[in-house]
Structures are given as C-alpha cells and as structure tokens.
Amino acid sequence: MSALAPSAPSSPEHPVGPAPSVSFDNTAIAFATKSDAQMRKAHLLFASLGHPWLVKAGIPLSAWAVRVGLPGVRLVVKHTVFEQFCGGESIQECQPAVEALGRFGVQSILDYSVEGEKTEEGFDATARETIATIDWAASHPHIPFSVFKVTGLARFGLLEKRGAGEALSAEEQAEWGRVRERVLRICERAYEKGVRIFLDGEETWIQDVIDGLGEEMMERFNREKALVYNTYQMYRKASLGNLRAALERARAKGYHLGAKLVRGAYMEKERLRAKERGYEDPIQPDKAATDADYDSAVVFCLEHLERMALCAGTHNEESSQKLVRELARRGIASNDSRVFFSQLYGMSDNISFNLAKAGYNVAKYLPYGPVRAVLPYLIRRAQENSAIAGQGGREVRFIRGELLRRKQARALGAGQPTA
C-alpha cells in the first residue's frame, strides 16, 4: 500500500443508508437565536452592504473616524457591523454569544482578531491573549478550538524576508527566535489543555513561513492526534499540492496533520502584487477552479482520516452538502471528532444551525477585540457582503423569508414572541 493510499472507512455509529442531505432553507432553525428586532437590524445592515458605492465610500470614512476618535462613530460601528460579526471586545463579552450558539449545538472558536501589531510589546500581548482563549476554551464545553494569526505575533517585514529566503541579521535572528518562542508557548498550552489550535492563513508570500512553523509544532504536539492545524487557502493554485506534500511529511515524521480548508480572503491583494512585481498570479483562474480544488481537498482529507483531521471552513452550500454525502458514503459518523464544519459568526446561519441540528460538528469563528483594533477584519466582512448577488444578498433573502414566516405563523396563532 502506498504512503498515501486511502484509509479504510471509519466504523459508523449507525448503519449507513442512502446518501443524506441537509436542508439549508429552514430559516426557523437558522435564526432560532434571533428576535424580530435583531433580524430587522441585520436586514438593514446587509441591505446597506448590498450597495457597493455605499460600502466603498463608508469604509475609509468610518475607519478614519474610529481611528481619530470622532465622537459617536465608535458606538455606531460597535452597534452595527461590529455587533453583527464580532462577539464582543473581550473574552468575557463573548460569553452570551457562546452560550446562545451552544444551546443549539453550534460551537465557538474564540478569535482575537487584532491584526497589524508592530511592536514586541504588542506581539507579547497578543500571545498572552491567545493563551487566555485556550484557558477559557479548556473550561468551556462549547469551545473546541482556539486560533491565531502569526502576523499578530511577528513583524510582517520579518516574515517577508524569511519568505523571500533572504539572510537575517543577528538582530533579526534574535527577533525570529522570539516569534518561534511565542508560537511554541501557545501550542504548548493548547497541548497541555487539550484544546485544538489553528494557525490562520495569510498572504502567499509569507504563507510558507507560517506553514513551516505550523508543521514544526505538529511534529512536536500532534503525535497522538491532530491538535495543531495549518490553514490551506484553496484559491491558491498550489494549495492542493501543498496539502498532499504536507501529509507525506507528516507520515514520514510520524505525526498527524491538522488541516483547515478555506477558499481564501486576499484575492485582490494577491493579484495586484503579482501584477506589480511581474510574477505569475498565484490565484486560481476562476471560482470554478477554486471550488474544484476545495472539494478535492475535502475528499483527500477524508481518504486519509487515520492520519488527518479536517475543519471545512466554508459558506458554500454545495461544498457543505458534498461533505455531508462523503461522510455518509465512507461510513464516517456525522459527529466524528476529526471532522468539523465552520462558518464565520454573523454569516451563513442557515448552514451552521441546520448542520448542527442534523448532528454534525459545527463551530463558528467568533472574533473579538477592541473596535478600533478589529477594523481590518470588519472591513473584509463588509467587502465580502457588498455584492447583492453574493453572500450579502443571500443573507437578505433568508432574513426576509424568516420574518415573513414568523408573521404568517403569528397570524395563525403559533408565532414566537418578537422580543
């Protein structure tokens, strides 16, 4: 049998019948945690994001106003886009969201979403906060993962230099040693507490450095099972090959590979840099190619589940249905601890809650941090939802459908309160 021969199917917890599917159209399940008032507020936000001209003008203006401390603007941001996509400004403020999700079987991933730190003090503070999320997760039944970005622990220029293969000065070598020590402390605490930890994906020209750190940690802490996970952004042409090669290395060195699969979040930035610097665009030629590699990567992980664990980060309904069908076809239990679905907080509740109701492992990324510090994250969410034919348009349609369903149910005397 070759090193990458598919593993035998896992034993199901119940007999495997016809390939199932999960309906993502049940809005009563999708929005069970939301009052009518919360739904109308979300509808207004997503409908506003459906006007690209408004988003284009509003993003820089709002970011500037928050940064300079313009009176009232921070509160407006906090009670609109921040409230929709973030759990709070601290771990403690996230607790109500964690509990609300957990009541319906949806778990949480605490994500300290502060980006672009530039000082050693800031990097150390981010490491301490990430360790605090691990400690919190270890004592909470609804938080199976923690996560961090290496750019929250390291100077971007240092990562760029290592990614380009340039020699580091003695001072930079010492700086790199401190970066590795922060990552090691985080992963060591995760190992001690039994909490799984993601290294988030970032730009292609520093991603090899991040992958190397992740695999170094896997070799140390993933001997018995996958605890540390690298992220594979499947909009990159190289990602499927990188995933296969990573499993070869894991097998050779005797550890388990943790893989979080996503489509990717930096496409425009990646293409612009490639054009400006005259190298080949690292991004897939179109969405169909990205979708094909994403689905192939999911199947690859399931084929080798005896040596891997998978977190499928996706807002794509078809990819989610394909994973549901593949689990059933291979006799893998819907609640197998090696397989998770994941979506971002405030988005695609129709996928998350319906999967959880059907018995699958689901975890929402729950970002938190001071409003000013999480602005880069909020800007990306606003941009993603700014096309009415895309994610934001789907959210509007589902919210409208649920509000109408509730109105009709109340007319029949069976509606729920409009708290």
Side-chain angles (χ1 to χ4, degrees), residues 30-31 33-35 37-52 54-56 58-63 65-66 73-101 106-116 133 143 145 147-149 152 198 200-201 262-266 313-316 341-353 362-388 390-396 398-399:
F31 299 112
T33 65
K34 304 295 185 183
S35 68
Q38 290 172 317
M39 296 278 288
R40 286 191 289 268
K41 190 173 183 179
H43 181 274
L44 178 60
L45 174 63
F46 282 114
S48 299
L49 294 176
H51 298 285
L54 183 60
V55 174
K56 188 174 181 179
I59 284 177
L61 183 60
S62 299
V66 170
V73 175
R74 177 188 165 279
L75 282 177
V76 170
V77 172
K78 181 169 184 178
H79 292 294
T80 53
V81 65
F82 181 92
E83 187 178 279
Q84 179 67 32
F85 299 120
C86 296
E89 294 197 68
S90 66
I91 293 175
Q92 290 73 23
E93 282 190 17
C94 291
Q95 185 67 15
V98 171
E99 295 294 341
L101 293 169
V106 178
Q107 301 185 69
S108 296
I109 304 166
L110 290 179
D111 178 13
Y112 184 55
S113 294
V114 173
E115 302 177 21
T133 69
I143 309 177
F145 299 94
V147 61
F148 67 95
K149 282 185 178 291
F198 295 141
D200 253 349
V262 300
R263 279 172 167 77
Y266 304 97
T314 181
H315 293 225
N316 185 288
F341 295 80
S342 183
Q343 291 79 42
L344 299 174
Y345 182 71
M347 295 169 62
S348 297
D349 286 345
N350 66 305
I351 297 177
S352 306
F353 282 81
V362 182
K364 284 281 200 184
Y365 252 66
L366 189 60
Y368 76 94
V371 173
R372 178 176 177 175
V374 301
L375 271 175
Y377 177 85
L378 294 175
I379 288 169
R380 288 200 298 277
R381 299 293 80 78
Q383 290 170 335
E384 285 173 2
N385 287 281
S386 65
I388 197 68
Q391 181 66 34
R394 289 193 292 274
E395 301 291 349
V396 166
F398 279 118
I399 292 170

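- In this structure, CD in Q38 is found 7.0 Å from OG1 in T33, a value given to the nearest 0.5 Å.
- With a 4.5 Å cut-off on side-chain heavy atoms, I399 and K34 do not count as touching.
- Pairing each heavy atom of V396 with each of A47, the nearest pair is CG2-N, 3.7 Å.
- Across all their heavy atoms, V374 and S113 have their closest contact at CG1-O, 3.6 Å.
- Every residue meeting the side-chain contact (heavy atoms from CB on, under 4.5 Å) condition with E89, not counting sequence neighbours, appears here in chain and number order: R74, K78, F82, E93, P370, V371.
- Partners of K149 by side chain to side chain donor-acceptor pair (under 3.5 Å), not counting sequence neighbours, listed by chain and number: Y266.
- The shortest non-hydrogen separation linking G346 to F85 is O-CE2, 3.9 Å.
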Derivation of the side chain to side chain contact (heavy atoms under 4.5 Å, CB included) call for N316 and R263: CA-CA 10 Å; N316 185 288; R263 279 172 167 77; 3.7 Å; yes
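- In this structure, SG on C94 lies 4.5 Å from CG on L366, to the nearest 0.5 angstrom.
- Applying the side-chain contact (heavy atoms from CB on, under 4.5 Å) criterion to E99, with sequence neighbours excluded, gives Q95, R103, H140, H142.
- The side-chain contact (heavy atoms from CB on, under 4.5 Å) search around Q343 returns H315, F341, S348, I351, S352, V362, K364, not counting sequence neighbours.
- Between Q84 and F46 there is a side-chain heavy-atom pair separated by less than 4.5 Å.
- Summarising the geometry, atom OH belonging to Y112 is positioned 15.5 Å from atom OH belonging to Y377; distances are rounded to the nearest 0.5 Å.
- Inter-residue side-chain proximity for F353 and L101 is flagged as met; some heavy-atom pair is nearer than 4.5 Å.
- V147 approaches I109 most closely through the heavy-atom pair CG1-CG2, 4.0 Å.
- Note: F398 CZ to H43 NE2 = 13.5 Å, rounded to the nearest 0.5 Å.
- Heavy-atom minimum distance, A30 versus D349: O-CB, 3.4 Å.
- Judged as a side-chain contact (heavy atoms from CB on, under 4.5 Å), and not counting sequence neighbours, the contacts of T133 are I91, L110, T130, S146, Y368.
- Not counting sequence neighbours, D111 has no partner by the salt bridge (charged side-chain N to carboxylate O under 4.0 Å, His left out) test.
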